[in-house]
Undergrad: 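Sharing a structure, written as structure tokens. Questions coming.
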Amino acid sequence: MIRGCKAFNPQESRCAGESNPFFERAKSPLFTPRWSWFVSCVLSNALMYRSTSCNSLRKEHTGHSVTLAGWVNSRRDHGGVIFIDLRDREGLTQVVFRPEEHPQVAEAAHGLRGEDVIQITGTVVGRLTGSENLKLATGEIEVIASALTVLNKADVPPFPLDSKVANEDLRLSYRYLDLRRAEMTQNLKLRHRVAKSTRDFLDEHGFLEIETPILSNPTPEGARDFLVPSRLNPGSFYALPQAPQQYKQLLQVGGLEKYFQIARCFRDEDLRADRQPEFTQIDVEASFITEVEIQSLIEGLLKRIFREAKGVEIPTPFPRMSYAEAMDRFGSDKPDLRFGVEITSLTDIFQDTQFKVFRSVLDGGGVIKAINAKGAAGALSKEQLKKWEEWVKTELGAKGLAYIRLKDGEWESPIVKFFSEAEKAALAARMQFEDGDVLFFGADKHQAVSDVLGRVRLRVADLLKLTEGSTELNFLWVVDFPLLQFSPEDNGWAAVHHPFTRPKAEDMGLLEAGDYARVRAVAYDVVLNGVELGGGSIRIHERELQSKLFGVLGVNDEEQQHKFGHLLKAFSFGAPPHGGIALGLDRLVMLLCGADSIREVIAFPKNNRGVDLMTQSPVSVELRQLRELSISSTVKKA
RNA sequence: GGAGUCUUAGCUCAAUUGGUUAGAGCGCCGCCCUGUCACGGCGGAGGUUGCGGGUUCGAGCCCCGUAGACUCCGCCA
């Protein structure tokens, strides 16, 4: 069926210049220039499935003979002439079967169905005037088929591949079909582009890509580990790494100086739209580097990624905001600064209030704050405000959500009757309270008020569609995180970042004095539009300091030796000052794709229960396998 | 562990106040059709309304339970 074709004539291939499809092909990622020359000169097409991709042919290729292979994207069978949109990874090309020219081929084409895999050979022709399809990159040409080979027939797909599919369950069950959809292919291409830009950029900056073990040790703090039994060491377990944290620090002790890895990480926690049990981080660590240098490196990396993956120039350096300011003004350590609705302190205004609720909060050392939902009065009826209060109570554990709704000059509120005229006037002035606005109050301890109003702020933005249609890319460094946080559950101090994070030099006195709550860390998060892209820190490199920190975290000497002995010992052999960062690759690609779940940018993700619907993983295993691993299950078979 | 939303044909969705034989578009199958690109025309197949129970003369719709999907809280150093 496959015949020789003009394009494979070396003579012509040399002379045809710009109009030769091989030059076009040379630009296609499928074919390198060297290969196209080799292929065109040496091989006959009997040895190849295709001479070019389905997105490569243009008007200037008219007259060339080509061989294409791909999937039948759609067919338009007119009884006589038949049109097939042939699809491969790169795009679509219209193939025409004409009975008057190739009756047997056209006859065979009647039997083609969607997703059949075929190979065609034919001649590129310009489309009839007026029948060009501007929606297709190849829409000015078509290929008149002179030969057709059906490489594989396809069953009818369980869902359409050419439109949006809502049923994610079904998509994940047939992920290999879902991946054929242009949207998914684009997402994975973009993911590749991000990874490639990352490798290029970090390589150019002297970083070495080094792999660290997947079979590693359980982490005493942090997320639940995935455990892997060791057959050779009965009763012992590996853990899949939650992050390559300790290894990358040990690489610094090992003198590798600049390390990165596009690292798979594993956490056995509940899933979310932006959380999978296995995910990928761009993991970076370097020696003799300062906080500012890491931040500027990452700014450069993100600039490069957005330029090469998205064609967007992002301004650098990113603004910086302290954790304390972020919590104070926006009630979040990853504030979305694309909109205002800032949290404003009213504590001084209500200093002498007679309103019992505020009075007792203030007497107890709490604060009064509020946000102004500008123009939300129309969108928030009394019933809805009641629902918001219910939401705040049940989901956020707040005592309530006081509000004032200003509609037609009237202050509608259950609490405003307790305010004095002076308080009302000062309140209105500070909050720029105008007709149509709704004020939400938080009265509690500082942290609780920040948490609640931070969440209310986001819901207000959602209600008022403050970010809808926005193309703004608002990058931000949040810096000076607290080092430690008291955990009432464990009745002890826990690391906010992780136990290897360096305290700020100027706060070392506070650490010595045991004033743990006020010690700040040399830790930083990079935030984009309210999403945490990544975080890092300068680490502790001194054995004594690390040991002291472990002590503060409640890890006694014996446990330190047992769990972190290797690290402490390493630090005693001349560990260089070092620090790093990790960026969530999935989240980054998700934002670049405009997707609302990282499942959209992972080839084979798990569903909400951690199940791969395509392979049915995880599965139960034979008893024999468990015995081999010296493991018994307590699960009763149903 | 908790809260919410959802589940009707292969897919996306309808179905009035609880009332006849549960409909439409797309897809699929058959026939016709030589310039379409969301091809067109004619015809056809396709349903245990997630599952189980209850109320009722009568349930896709109301009630209870259960399963699953998704979103969120907890959790995620």
Side-chain angles (χ1 to χ4, degrees), chain A residues 73-86 92-101 103 106 110 113-115 125 127-136 138-139 142 144 155-174 177 219-225 242-243 245-246 265-277 279 387 390-397 451 455 458-459 462 481 483-485 487 489-490 493-501 521 523 532 535 537 549-550 553 555 582 584 596-597 599 607-609 611 613:
Chain A
N73 194 66
S74 59
R75 76 194 149 96
R76 294 174 293 282
D77 186 339
H78 289 253
V81 68
I82 302 160
F83 299 95
I84 295 286
D85 286 342
L86 190 63
L92 295 175
T93 298
Q94 174 164 282
V95 179
V96 189
F97 295 90
R98 302 172 75 168
E100 65 271 34
E101 289 169 30
H110 283 298
R113 292 294 181 272
E115 300 309 308
V125 301
R127 293 206 187 179
L128 301 176
T129 310
S131 73
E132 300 90 350
N133 186 347
L134 299 177
K135 292 181 207 156
L136 281 186
T138 59
E142 59 197 8
I144 309 288
D155 286 344
V156 177
F159 55 86
L161 303 186
D162 56 355
S163 59
K164 271 244 168 195
V165 190
N167 191 342
E168 201 180 4
D169 220 9
L170 198 64
R171 289 176 57 201
L172 289 178
S173 301
Y174 296 90
L177 292 180
T219 327
E221 294 181 60
R224 258 182 228 106
D225 289 309
Q242 297 178 27
Q245 182 60 35
Q246 291 187 44
C265 304
F266 305 85
R267 289 175 194 178
D268 187 10
E269 296 293 346
D270 286 7
L271 286 76
R272 289 277 199 286
D274 61 353
R275 253 194 261 161
Q276 284 273 303
F279 60 100
K387 278 185 185 165
E390 200 54 40
W391 162 70
V392 160
K393 280 181 181 169
T394 54
E395 257 185 39
L396 311 182
D451 288 347
R455 293 280 298 278
L458 291 179
R459 190 158 174 184
D462 193 45
F481 275 78
L483 182 72
L484 300 159
Q485 190 171 33
S487 162
E489 295 146 42
D490 307 324
W493 292 89
V496 168
H497 188 44
H498 57 52
F500 317 114
T501 306
E532 181 192 332
S537 63
L549 246 299
F550 282 141
L553 294 169
V555 187
D596 47 18
S597 160
R599 292 187 298 268
N607 76 357
N608 245 356
R609 274 186 313 146
V611 171
L613 291 171

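Computed from a prediction, not measured in an experiment: that's the story for all the values here. We name chains A, B, ... by the order of the sequence lines, and we start the count at 1 in each one.
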Undergrad: Got a donor-acceptor contact below 3.5 angstrom from the Asn607(A) side chain to the Asp169(A) backbone?
TA: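 No.
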Undergrad: Whole angstrom is fine here: how far is it from CG in Asp596(A) over to P in C72(B)?
TA: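 Value for this atom pair: 9 Å.
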Undergrad: Considering Watson-Crick and G-U wobble pairs with both distances under 3.5 Å, what does C31(B) pair with?
TA: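 When the pairing criteria are applied, G41(B) turns out to be the nucleotide that pairs with C31(B).
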Undergrad: Side chain of Arg272(A) only, please: which of G27(B), G35(B), G74(B) is the nearest?
TA: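 So the nucleotide nearest the side chain must be G74(B).
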Undergrad: Phe83(A) stacking on U36(B): centroids under 5.5 Å, ring planes under 30°?
TA: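 Yes, Phe83(A) stacks on the base of U36(B).
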Undergrad: Rounded to the nearest Å, what distance is computed from the CD atom of residue Gln276(A) to the C1' atom of nucleotide C70(B)?
TA: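 After rounding, the reported distance stands at 13 Å.
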Undergrad: Encode nucleotides 43-51 of chain B as B, S and - characters from 5' to 3', where the letter depends on protein heavy atoms closer than 4.0 Å: B to the base, S only to sugar-phosphate, - to neither.
TA: ---------
Undergrad: Could one point to a donor on the side chain of Arg127(A) or the base of C37(B) with an acceptor on the other under 3.5 Å away?
TA: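 By the distance-only test, yes, there is a pair.
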Undergrad: For a quick check of understanding: with a heavy-atom distance under 4.0 Å over all strands, which category does Pro160(A) fall into, base, sugar-phosphate or nothing?
TA: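 Sugar-phosphate only.
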Undergrad: Not counting sequence neighbours, which residues clear side-chain hydrogen bond (donor to acceptor under 3.5 Å, both in side chains) with Asp451(A)? List them please.
TA: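 Applying side-chain hydrogen bond (donor to acceptor under 3.5 Å, both in side chains) to Asp451(A) gives Gln447(A).
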Undergrad: Scan Val96(A), Ile84(A), Asp85(A) and name whichever one has a side-chain contact (heavy atoms from CB on, under 4.5 Å) with Arg76(A).
TA: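 With Arg76(A) as partner, Val96(A), Ile84(A), Asp85(A) yield a single side-chain contact (heavy atoms from CB on, under 4.5 Å), made by Asp85(A).
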Undergrad: Report the distance from atom CG of Asn133(A) to atom P of G35(B), rounded to the nearest whole Å.
TA: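 Between P of G35(B) and CG of Asn133(A): 17 Å.
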Undergrad: Looking at A69(B), I'd like to know if its phosphate oxygens (OP1 or OP2) sit under 4.0 Å from a side-chain N or O belonging to Asn167(A).
TA: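 Checking A69(B) against Asn167(A), no side-chain N or O comes under 4.0 Å of OP1 or OP2.
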Undergrad: So do the side chains of Arg609(A) and Leu271(A) get within less than 4.5 Å of each other, counting heavy atoms only?
TA: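 Arg609(A) does not reach Leu271(A) side chain to side chain.
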Undergrad: Please check the phosphate of C39(B) (OP1 and OP2 only) for any side-chain N or O of Arg76(A) closer than 4.0 Å.
TA: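 Yes, Arg76(A) has a side-chain N/O under 4.0 Å of OP1/OP2 on C39(B).
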Undergrad: Which base sits across from G4(B) as a Watson-Crick or G-U pair, both distances under 3.5 Å?
TA: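 For G4(B), the partner nucleotide comes out as C70(B), under the 3.5 Å rule.
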Undergrad: Would you kindly give the CG-to-P distance between Asp85(A) and G35(B), to the nearest whole Å?
TA: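 Nearest whole value for this atom pair: 17 Å.
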Undergrad: Hey, do the aromatic rings of His110(A) and Phe97(A) have their centres closer than 6.0 Å?
TA: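 No; Phe97(A) has its ring centre 6.0 Å or more from that of His110(A).
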Undergrad: Rounded to whole Å, how long is the line connecting atom CG of Leu271(A) with atom P of G74(B)?
TA: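 About 16 Å, once rounded to whole Å.
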Undergrad: Has the side chain of Asp270(A) got a donor or acceptor atom sitting under 3.5 Å from an opposite partner on the base of G74(B)?
TA: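 Such a pair is found, so the answer is yes.
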Undergrad: Going by purine N1 to pyrimidine N3 plus the second Watson-Crick contact, or the G-U wobble pair, all under 3.5 Å, which nucleotide sits opposite U56(B)?
TA: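 Paired with no nucleotide.
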Undergrad: Using modelled atom types only, decide if a donor and an acceptor are shared between the side chain of Thr138(A) and the backbone of Leu92(A) within a distance under 3.5 Å.
TA: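 It does hold such a pair.
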Undergrad: Without decimals, in angstroms, what is the distance between Arg224(A) CZ and G74(B) C1'?
TA: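 Atom-to-atom, Arg224(A) to G74(B), this comes out as 11 Å.
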Undergrad: Does the structure show a Watson-Crick or G-U wobble partner for C76(B), both distances under 3.5 Å? Name it, or say none.
TA: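 Here C76(B) is not engaged in any pair, so there is no nucleotide opposite it.
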Undergrad: Which atom names give the shortest non-hydrogen contact between Trp493(A) and Leu484(A), and what distance separates them?
TA: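 Nearest pair, atom of Trp493(A) first, then Leu484(A): CE3-CB, 3.8 Å.
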Undergrad: Using heavy atoms to find the nearest nucleotide of RNA chain B for Arg113(A) and Val81(A) separately, return the residue whose nucleotide is more 5′.
TA: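 The residue closer to the strand's 5' end, by nearest nucleotide, is Arg113(A).
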Undergrad: Quick check: any donor-acceptor pair below 3.5 Å linking the side-chain of Arg609(A) to the base of G68(B)?
TA: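 Under the 3.5 Å cut-off, the side chain and the base do not form any donor-acceptor pair.
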Undergrad: What is the distance, to the nearest angstrom, from the CG atom on Leu170(A) to the P atom on G27(B)?
TA: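 About 17 Å, once rounded to whole Å.
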Undergrad: Could you give the CZ-to-P distance, from Arg275(A) to C70(B), as a whole number of Å?
TA: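 Distance check: Arg275(A) CZ to C70(B) P gives 14 Å.
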Undergrad: Using heavy-atom distances to pick each residue's nearest nucleotide on RNA chain B, tell me which of Pro158(A) and Leu128(A) is more 5'.
TA: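 Whichever sits nearer the 5' end wins; that is Pro158(A).
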Undergrad: Is there a Watson-Crick or G-U wobble partner for C51(B) with both distances under 3.5 Å, and if so, which one is it?
TA: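 Its partner is G65(B) (Watson-Crick or G-U wobble, both distances under 3.5 Å).
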Undergrad: Do side-chain atoms of Arg275(A) reach the backbone of Asp270(A) as a donor and acceptor pair under 3.5 angstrom?
TA: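 A pair under 3.5 Å: yes.
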Undergrad: Go through C11(B), C76(B), G27(B) for me and flag the one nearest to the Val156(A) side chain.
TA: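 Of the options given, the side chain of Val156(A) lies nearest G27(B).
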Undergrad: Both distances under 3.5 Å, Watson-Crick or G-U wobble: report the partner of A22(B), or none.
TA: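 Per the H-bond distance test, none.
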